[in-house]
J.: 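Take a look at the following structure, please.
Convention: sequence-line order gives letters A, B, ...; per-chain numbering from 1.
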Protein chains: 4
Amino acid sequence: MARKSAASGSPDSEVESKSQRTRQRILDAAAHVLSVKGSAGTRLSDVAEYAELQAPAIYYYFPSREDLIEEVMFCGISDMRRHLQDALDALPAGTPPVDRIMAAVEAHLRHELELSDYATASIRNSGQIPEHLRSRERKESAAYGKIWHRLFDDAAADGEMSADLDPRIVQGLVLGALNWAAEWWDPKRGSLDSIVANAQAIVRSGISPADGATARRTPR
Amino acid sequence: MARKSAASGSPDSEVESKSQRTRQRILDAAAHVLSVKGSAGTRLSDVAEYAELQAPAIYYYFPSREDLIEEVMFCGISDMRRHLQDALDALPAGTPPVDRIMAAVEAHLRHELELSDYATASIRNSGQIPEHLRSRERKESAAYGKIWHRLFDDAAADGEMSADLDPRIVQGLVLGALNWAAEWWDPKRGSLDSIVANAQAIVRSGISPADGATARRTPR
Amino acid sequence: MARKSAASGSPDSEVESKSQRTRQRILDAAAHVLSVKGSAGTRLSDVAEYAELQAPAIYYYFPSREDLIEEVMFCGISDMRRHLQDALDALPAGTPPVDRIMAAVEAHLRHELELSDYATASIRNSGQIPEHLRSRERKESAAYGKIWHRLFDDAAADGEMSADLDPRIVQGLVLGALNWAAEWWDPKRGSLDSIVANAQAIVRSGISPADGATARRTPR
Amino acid sequence: MARKSAASGSPDSEVESKSQRTRQRILDAAAHVLSVKGSAGTRLSDVAEYAELQAPAIYYYFPSREDLIEEVMFCGISDMRRHLQDALDALPAGTPPVDRIMAAVEAHLRHELELSDYATASIRNSGQIPEHLRSRERKESAAYGKIWHRLFDDAAADGEMSADLDPRIVQGLVLGALNWAAEWWDPKRGSLDSIVANAQAIVRSGISPADGATARRTPR
DNA sequence: AATGAATGAGACTTCATTCAT
DNA sequence: TATGAATGAAGTCTCATTCAT
């Protein structure tokens, strides 16, 4: 489940030095612990145990616990963005906005649930880490949001989204639905494919301009 | 924003002893800190400061930090359930399933965003507190889930939900969308009403049986 | 040997709260350890042991190890200055400069050797503590030096000091002789009185204008 | 300012192996760091940096940090003694005791201030290193003291020193004045020559039998 | 001869918790 | 009922030291 982050930017060459691999092992371990215990609950001894070395060894690769956490958070959102961008870039030119959104939903869910402790760590902790650890993460996060933002704006512009909806709010709700999946999804009790399908279906018809039946307000 | 939990079970009688009020102040403070810093990041000294007393005073009201956290978590989900149940009970008999869902969406969002640090604390930390603090919370949580479960099942049974959808998954996605709102909603940048409206609209048309336009899978 | 520093500025009332006494005990212990082990060698556990409490208790009174050290250093030089100033103020008006120097020599030696670990700590460590701990200490230190400076300048102005001598250098040498006494003086092997007498004698005739016999340079 | 210690005993032959030179570089670096940071504050990584190699390399030349420190301390005092002895031996036979003292004062000051981090390290740390590192150093130190002791005793025997003075105490004070110079002397603000001259003048007339003007005690 | 990598001991510091008042 | 004072456990981090290369 843990996976090396592509943070180094290098092509996934298998010829990494032992040192690089150890550093990666620590980062992976940190992502894992972080995704489970949260920022404040992440102890270096746990990370070390998971990475199969002694805690002080971490300091050979990272200047401090905070730097380690910061890097995990950054990799999490950064990898996610790359993953999403790749998925969108792979679509044929002229793919209609809503179908692009479908692709994005799938990319987000698969990356989050299938691939990466980093994504989970990043998602779960973005609201809890101290401000000063967020400068890089915040920038990436904004960039990630902007991609989604454009998706919904395009859909709205093309009349593929109900005019009643506020694209920003829709984006918050949709991403929330996807993000939260990490909290409840149990691979043993349902396939990832089915989640993807359900999410896509709801989002597609959820945002599509009503066919006559405009969303009515609940009477209060 | 902080609010007293109705955990004591007593109707909101104004005749609370000073002792009861202090206890409540501590609990409120704990809910607030917990909702912001997370379970592991919550320090008794922070709670005490927020409650305007000294940390050791907390021990006069709660046996330990863990008990305090446990109680907040329990109150959070327990209040939420009561709130939701009240909202549903208030609906006229014969309200169609989908409209009941709309009411539930609104109740959940308003309780979470408007009323209660407890709800936020409970939502944010349910995945991070140690297992042994979750026995009461888990039971309430299951009960809460069951209410929603029934809502979606009823909708499905009445043909008001697309047969393509898996009610459990839909529930996860919908509740995720609602829960996550606490992470991004900024009261200064958008009314709660508009969030409620958008969420209801998406859920309503998102689950409704497609009028011809079945959700298509994204080609991969 | 340890002694309470007069840092509080309060008259030496014996009615100090228990808290104040504990704080003083810690400060005294720190002065002692510091004077023996040096700045870098001073461990909080040693201070705590000497003060008869547990190391973390120190944090109830001082924000950090550095603050504790800084305060000892400050008290050391600050007390010393007060002591010297008091001794000089006690001299009858019109006391000739050289006699004032004699009084200063005695005051410095007695304070250093008889009264205060603080003085020793301050003297021994002024060259070894990190710069950022020296702001207050440096100011006091400069003020202390200025007192001596005036003493020698006055002596020179009154013709009581050989014109061959550079007052600044003489000051350095004289204070060095006095400061270093803490390194070698063993109360068991010589009275403090005799050190005072010897130091005074050497300084008095050492700086007095030669009676014909000007200091000759050693032929090289 | 750093300088190779003659500890190896070999005359300054230019034919030192690279290994010997590296060892010397480490020793010099240690002397430097020790003279600035003190015994407890001296980190092997600092020494290594100053010697331009990695910390573990030190272990190729010295069994441990303590051994390294011990050797610096020993070299410091040992070089000093040799330097002083050489200076005294160079004096013409029959040089009067006081002039021998003048020569000693000059030798001590020049060695300390001009030549050697070792001397400074040795002087500054003799009171702070743990006992078990002092066996060799203590012996040399005693021998060094004995030289001075004889100088003052001779002066006293020849009537060149005031009978009021205690030779041991005078020695302590004089050496203190000289040792302490390292703490305050700034080559940029005064020539070494002037310090030597001032020190000699003070010591010469400071110890010389008073010409009528016996040192009076300060009235208290 | 020297270094990169890692470890164990021990330091400073935080924090939940206790206890006397 | 609440606090000031103190403690013990545990976490982060530093540093001397080791070891394979």
J.: Could you give me the CA-CA distance, side-chain angles and deciding distance for Asp117(D) and Thr120(D), then say whether side-chain hydrogen bond (donor to acceptor under 3.5 Å, both in side chains) is met?
T.: CA-CA 5 Å; Asp117(D) 284 337; Thr120(D) 318; 5.0 Å; no
J.: Can a side chain N or O of Tyr60(B) be found less than 4.0 Å away from OP1 or OP2 on dT1(F)?
T.: yes
J.: Which pairs, with at least one residue in residues 48-64 of chain C and sequence neighbours excluded, count as a salt bridge (charged side-chain N to carboxylate O under 4.0 Å, His left out)?
T.: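 Residue pairs passing salt bridge (charged side-chain N to carboxylate O under 4.0 Å, His left out), neighbours aside: none found.
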J.: My understanding is that only residues two or more places apart in sequence, or in another chain, count here; which of them pass side chain to side chain donor-acceptor pair (under 3.5 Å) with Arg65(B)?
T.: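 Checked Arg65(B) against side chain to side chain donor-acceptor pair (under 3.5 Å); zero matches.
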J.: Which residues pass the side chain to side chain donor-acceptor pair (under 3.5 Å) test with Glu70(B), sequence neighbours left out?
T.: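 Applying side chain to side chain donor-acceptor pair (under 3.5 Å) to Glu70(B) gives Arg136(B).
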J.: Ala55(D) or Ala55(B): which one's nearest nucleotide on DNA chain F is closer to the 5' end?
T.: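 Nearest-nucleotide comparison on DNA chain F picks Ala55(B).
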J.: Going by number, which of residues 125-135 of chain A have a non-hydrogen atom under 4.0 Å from DNA chain F?
T.: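 Heavy-atom contacts with DNA chain F come from no residue of residues 125-135 of chain A; none.
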J.: Just jot down the side chain to side chain contact (heavy atoms under 4.5 Å, CB included) partners of Ala121(C), sequence neighbours excluded, or say none.
T.: Leu34(C), Ser35(C), Val72(C), Asn125(C)
J.: Please determine whether a side-chain nitrogen or oxygen atom of Ser19(B) lies at a distance below 4.0 Å from atom OP1 or OP2 of dT1(F).
T.: yes
J.: Looking at residues at least two apart in the chain, or sitting in another chain, which of them share a side chain to side chain donor-acceptor pair (under 3.5 Å) with Arg134(B)?
T.: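 If we apply the side chain to side chain donor-acceptor pair (under 3.5 Å) test to Arg134(B), skipping adjacent residues, the hits are Glu137(B).
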J.: Ala55(C): what forms a side chain to side chain contact (heavy atoms under 4.5 Å, CB included) with it, not counting sequence neighbours?
T.: Ala48(C)
J.: What residues, two or more places apart in sequence or in another chain, satisfy salt bridge (Lys or Arg N to Asp or Glu O under 4.0 Å) together with Arg43(C)?
T.: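 In terms of salt bridge (Lys or Arg N to Asp or Glu O under 4.0 Å), with neighbours along the sequence ignored, Arg43(C) is linked to Asp46(C).
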J.: Taking the nucleotide of DNA chain F with the closest heavy atom to each, which residue, Pro63(A) or Tyr61(B), is nearer the 5' end?
T.: Tyr61(B)
J.: Measure CZ/Phe62(A) against C1'/dT12(F) and give the value in whole Å, please.
T.: 16 Å
J.: Have Asp28(D) and Tyr118(D) got a donor and an acceptor in their side chains that come within less than 3.5 Å?
T.: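 The criterion, which ignores hydrogens and geometry beyond distance, is satisfied for Tyr118(D) and Asp28(D).
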J.: How would you give the extent of chain C contacts on DNA chain E, as first and last nucleotide 5' to 3' within a 4.0 Å heavy-atom cut-off?
T.: dA11(E) to dT14(E)
J.: Please name all residues satisfying side chain to side chain donor-acceptor pair (under 3.5 Å) with Ser19(A), sequence neighbours left out, ordered by chain then number.
T.: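 Side chain to side chain donor-acceptor pair (under 3.5 Å) list for Ser19(A), sorted by chain: empty.
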J.: So, Glu71(A) side chain and Leu68(A) main chain: donor-acceptor pair closer than 3.5 Å or not?
T.: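 Side chain of Glu71(A) to backbone of Leu68(A): no pair is present.
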J.: Take the protein atom OH of Tyr59(A) and the nucleotide atom C1' of dC15(F), then report the distance between them rounded to whole Å.
T.: 13 Å
J.: With DNA chain E as reference, determine whether Lys18(D) or Glu66(B) sits nearer its 5' end, using the nearest nucleotide of each.
T.: Lys18(D)
J.: With side-chain contact (heavy atoms from CB on, under 4.5 Å) as the criterion, how do Arg25(D) and Leu53(D) come out once you've worked through the C-alpha distance, each side chain's angles and the decisive distance to 0.1 Å?
T.: CA-CA 10 Å; Arg25(D) 234 171 55 230; Leu53(D) 38 68; 3.7 Å; yes
J.: Where do N or O atoms of nucleotides 8-11 of chain F meet protein N or O atoms at under 3.5 Å, pair by pair?
T.:
{"residue": "dG11(F)", "atom": "OP1", "partner": "Arg43(A)", "partner atom": "NH1", "Å": "2.8"}

J.: Map every base of DNA chain F to its dot-bracket character, where paired means a Watson-Crick or G-U wobble contact with both distances under 3.5 Å and | marks a partner outside the strand.
T.: .||||||||||||||||||||
J.: Would you name the heavy atoms of Gly38(B) and Thr42(B) that are closest together and state the gap between them?
T.: O-OG1, 2.8 Å
